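Read through the structure below, which is laid out as structure tokens, and then see the notes.
Every value quoted in this text rests on a predicted model; they were computed, and no experiment measured them. Just so it is clear: chains get the letters A, B, ... in the order the sequence lines come, proteins before strands, and each one is counted from 1.
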Amino acid sequence: MVTIRLHNTLTRKKEVFEPLDASDVRMYVCGPTVYDRAHLGNARPVLVFDVLFRLLRHVYGEGAVTYARNFTDVDDKINARAAETGREIGEITEETIAWYHQDMDALGALRPTHEPRATAYIAQMIAMIERLIARGHAYEVAGHVLFDVRSYPAYGRLSGRSVDDMIAGARVEVAPFKRDPMDFVLWKPSDASLPGWESPWGRGRPGWHIECSAMSHELLGASFDIHGGGLDLQFPHHENEIAQSCCAFPDAGFARYWLHNEMVQVEGKKMSKSLGNFFTVRDLLDQGWPGEVIRFVMLSTHYRKPMDWTEIKAQDADTRLSKWQELIRECGGEEMETDPQVVADLSDDLNTPGAIKALQDLYSKKDAASLRNSCHLLGIDLLSFKPRSALLQERRSDSIATLLKDLKRRVSEVRGEALAKKDFAEMDKLKTRLTDAGIEVRMSKADVQLVPGPNFDPTKLEALK
RNA sequence: GGCGGGUUGGCGGAGAGGUUACGCAGCGGAUUGCAAAUCCGUGUAGACCGGUUCGAUUCCGGUACCCGCCUCCA
């Protein structure tokens with residue numbers, strides 16, 4: 001059995017991964033709030049934990065891993081979006097979930113075993129809140145139910161902070177009815193304009209954190225193996241989840257290994273709407289970037305380091321994947337074992353850059369079969385991969401396709417004459433114009449190829465008709 | 001203010017206390033009418049200052065700079 005090591009945020013150390021039950025390895029990852037298209041940052045945990053999911057399935061068996069990732073479909077951001085647009089909340093969340101599936105499918109992410117929606121687990125949340133009140137960890141005041149952080153001495157363990165330090169930071173919500181400024185909401189009242197559910201504390205809706213505690217408990221049990229998400233969730237979201245779950249079920253231990261991926265940047269800067277470098281996965285796909293390229297770029301940086309998205313990395317990935325694909329097309333190859341080095345690298349705290357290096361070595365050795373099969377562990381299917389140039393070409397209209405075909409024939413003719421006469425003036429003129437239009441002209445002894453590049457501009461071909 | 005991370009060659013980005021990371025770009029060569037593509041070869045590192053060591057880019061301490069979280073955020 002391969003030994004997997006994972007960096008556990010709880011201990012700040014790389015630890016040997018030992019599942020509670022090797023026949024049912026359980027992982028929970030925090031999913032999106034569904035009010036808008038997934039941006040590039042949303043994609044990172046999806047891809048990181050998709051690789052972990054694949055690795056766990058590889059090591060423990062496909063049927064031995066349960067992976068749950070939630071949809072937060074009750075949230076004030078969604079309410080705000082509904083109020084802005086006048087649309088129904090359910091309509092917005094349904095649409096956004098469908099988009100999310102489309103976009104993440106395009107990145108090659110496997111669907112998790114469970115994709116629970118918060119609104120389907122309100123009863124479980126209410127039950128957990130009642131349990132917390134009964135055990136003296138939560139209190140009702142002014143129509144709210146709040147978690148009492150002072151009742152849980154270990155609060156702050158995950159994020160390495162103390163309640164007193166955080167209060168010194170003094171960036172906590174002002175709410176006079178809180179016993180302690182750090183207390184957080186489990187349940188809050190809804191007026192008639194807001195979505196709400198009947199509860200022992202009146203009509204209301206859950207606070208943000210309780211859903212993950214309730215759903216992980218329902219689907220994976222009171223204790224399970226891995227809990228993951230973005231680093232920004234470490235505090236307060238995960239800290240609060242731990243407080244809720246461990247106080248409701250003190251002997252269970254909740255999640256044992258906590259994994260956090262670092263943030264995404266764009267061209268060296270934090271992605272933000274004000275900087276104008278904010279974009280969604282759909283934007284990139286629409287620009288013709290293959291899902292595999294987005295995935296490759298993401299995985300070329302280790303998950304615990306900030307990942308900087310740059311155009312040059314995307315181009316590089318596109319080129320490398322194209323080369324790998326050419327090799328497996330030429331050589332074919334039978335089913336092979338996944339390369340042990342790739343497994344070893346991924347088992348070492350998901351060292352995806354190392355795994356990519358190992359794949360590159362397979363390419364250099366011309367080991368097409370191993371390359372193809374080992375790519376699957378990273379979620380890349382080289383057989384179905386289409387480079388950006390091919391995707392862009394597919395989208396071109398028939399008239400342009402015909403024009404390119406005609407031009408190709410013409411280049412062949414002109415070249416034939418030029419070679420016969422040893423006069424290349426006409427040929428060079430034609431080639432220059434094609435190059436100016438963004439077309440790469442490749443000539444071998446046997447054949448001519450016209451490859452439209454990213455700067456391809458069909459309007460510049462008009463003169464050549 | 002609190003907590004955490006980073007600083008590697010032109011760019012991206014790893015592992016390893018002493019032996020080529022890898023990719024892209026560059027350079028030289030093969031090939032080509034010229035190119036492109038491809039193939040072969042190749043130079044350039046480890047923020048700064050100390051310490052441990054026979055030996056550190058790799059371990060420890062400090063300095064500088066950068067970044068993230070602490071507020072909805074993956």
Give the rounded distance in Å between these two atoms: [atom1] of [X] and [atom2] of [N].
X	N	atom1	atom2	answer
E417(A)	G33(B)	CD	C1'	15 Å
E262(A)	C67(B)	CD	P	13 Å
D316(A)	G12(B)	CG	P	12 Å
R37(A)	A74(B)	CZ	P	16 Å
M307(A)	G68(B)	CE	P	15 Å
D361(A)	A14(B)	CG	P	16 Å
R44(A)	C69(B)	CZ	P	13 Å
F296(A)	A14(B)	CZ	C1'	13 Å

With [atom1] as the reference atom in both, quote the distance from [N] to [M] in angstrom, rounded to an integer.
N	M	atom1	value
C54(B)	G41(B)	C1'	36 Å
G9(B)	G23(B)	C1'	14 Å
A74(B)	C69(B)	P	12 Å
C48(B)	C65(B)	P	16 Å
G61(B)	G10(B)	P	29 Å
G4(B)	G43(B)	C1'	39 Å
A21(B)	U63(B)	C1'	31 Å
A25(B)	U44(B)	C1'	12 Å

Just call it for [X]: base, sugar-phosphate, or nothing, with non-hydrogen atoms closer than 4.0 Å on any strand.
X	value
Q449(A)	nothing
K421(A)	nothing
R12(A)	sugar-phosphate
V46(A)	nothing
R442(A)	base

Under 6.0 Å between ring centres: does that hold for [X] and [Y]?
X	Y	answer
H144(A)	F184(A)	no
Y67(A)	F49(A)	no
F296(A)	W324(A)	yes

ask   = Does a salt bridge link R205(A) with D76(A), judged by any charged N lying under 4.0 Å from a carboxylate O?
value =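 Result for this pair is yes, salt bridge flagged.
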Ion pair check, D180(A) and R150(A), cut-off under 4.0 Å =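 Counted as a salt bridge, because a side-chain N and a carboxylate O are separated by less than 4.0 Å.
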Compare side-chain N and O positions of [X] against OP1 and OP2 of [N] and report whether any pair is under 4.0 Å apart.
X	N	result
K357(A)	U20(B)	no
W309(A)	G12(B)	no
K305(A)	C67(B)	no

Taking donor-acceptor contacts at under 3.5 Å, does the side chain of [X] reach the base of [N]?
X	N	answer
D428(A)	G33(B)	yes
K431(A)	C34(B)	yes
H39(A)	A74(B)	yes

Which nucleotide, in any strand shown, forms a Watson-Crick or G-U wobble pair with [N], with both distances under 3.5 Å?
N	result
C11(B)	G23(B)
A30(B)	U38(B)
C69(B)	G2(B)
G61(B)	C49(B)

key: Evaluation steps, side-chain hydrogen bond (donor to acceptor under 3.5 Å, both in side chains), between Q234(A) and T9(A)   = CA-CA 9 Å; Q234(A) 183 187 6; T9(A) 309; 5.5 Å; no
If you only use heavy atoms from C-beta on, which nucleotide in [options] is closest to the side chain of [X]?
X	options	result
Q360(A)	A74(B), A36(B), C22(B)	C22(B)
Y363(A)	C39(B), G33(B), G23(B)	C39(B)
M263(A)	G33(B), A74(B), C22(B)	A74(B)
M443(A)	A14(B), A74(B), G33(B)	G33(B)
N351(A)	A14(B), G33(B), A74(B)	A14(B)

inquiry  = If you assign G230(A) and H302(A) each to the RNA chain B nucleotide with the nearest heavy atom, which residue ends up on the more 5' nucleotide?
reply    = H302(A)
ask   = For P32(A) and K422(A), take the nucleotide of RNA chain B holding the closest heavy atom to each; which residue's nucleotide lies nearer the 5' end?
value = K422(A)
query = For W289(A), is the NZ or CZ atom of R388(A) found under 6.0 angstrom from the centre of its six-membered ring and inside 45 degrees of the ring axis?
reply =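 Judged by the rule, R388(A) and W289(A) form a cation-pi pair.
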task = Apply the side-chain hydrogen bond (donor to acceptor under 3.5 Å, both in side chains) test between D73(A) and each candidate in T93(A), T33(A), T96(A), T119(A); give the one that qualifies.
result =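 Option passing the side-chain hydrogen bond (donor to acceptor under 3.5 Å, both in side chains) with D73(A): T119(A).
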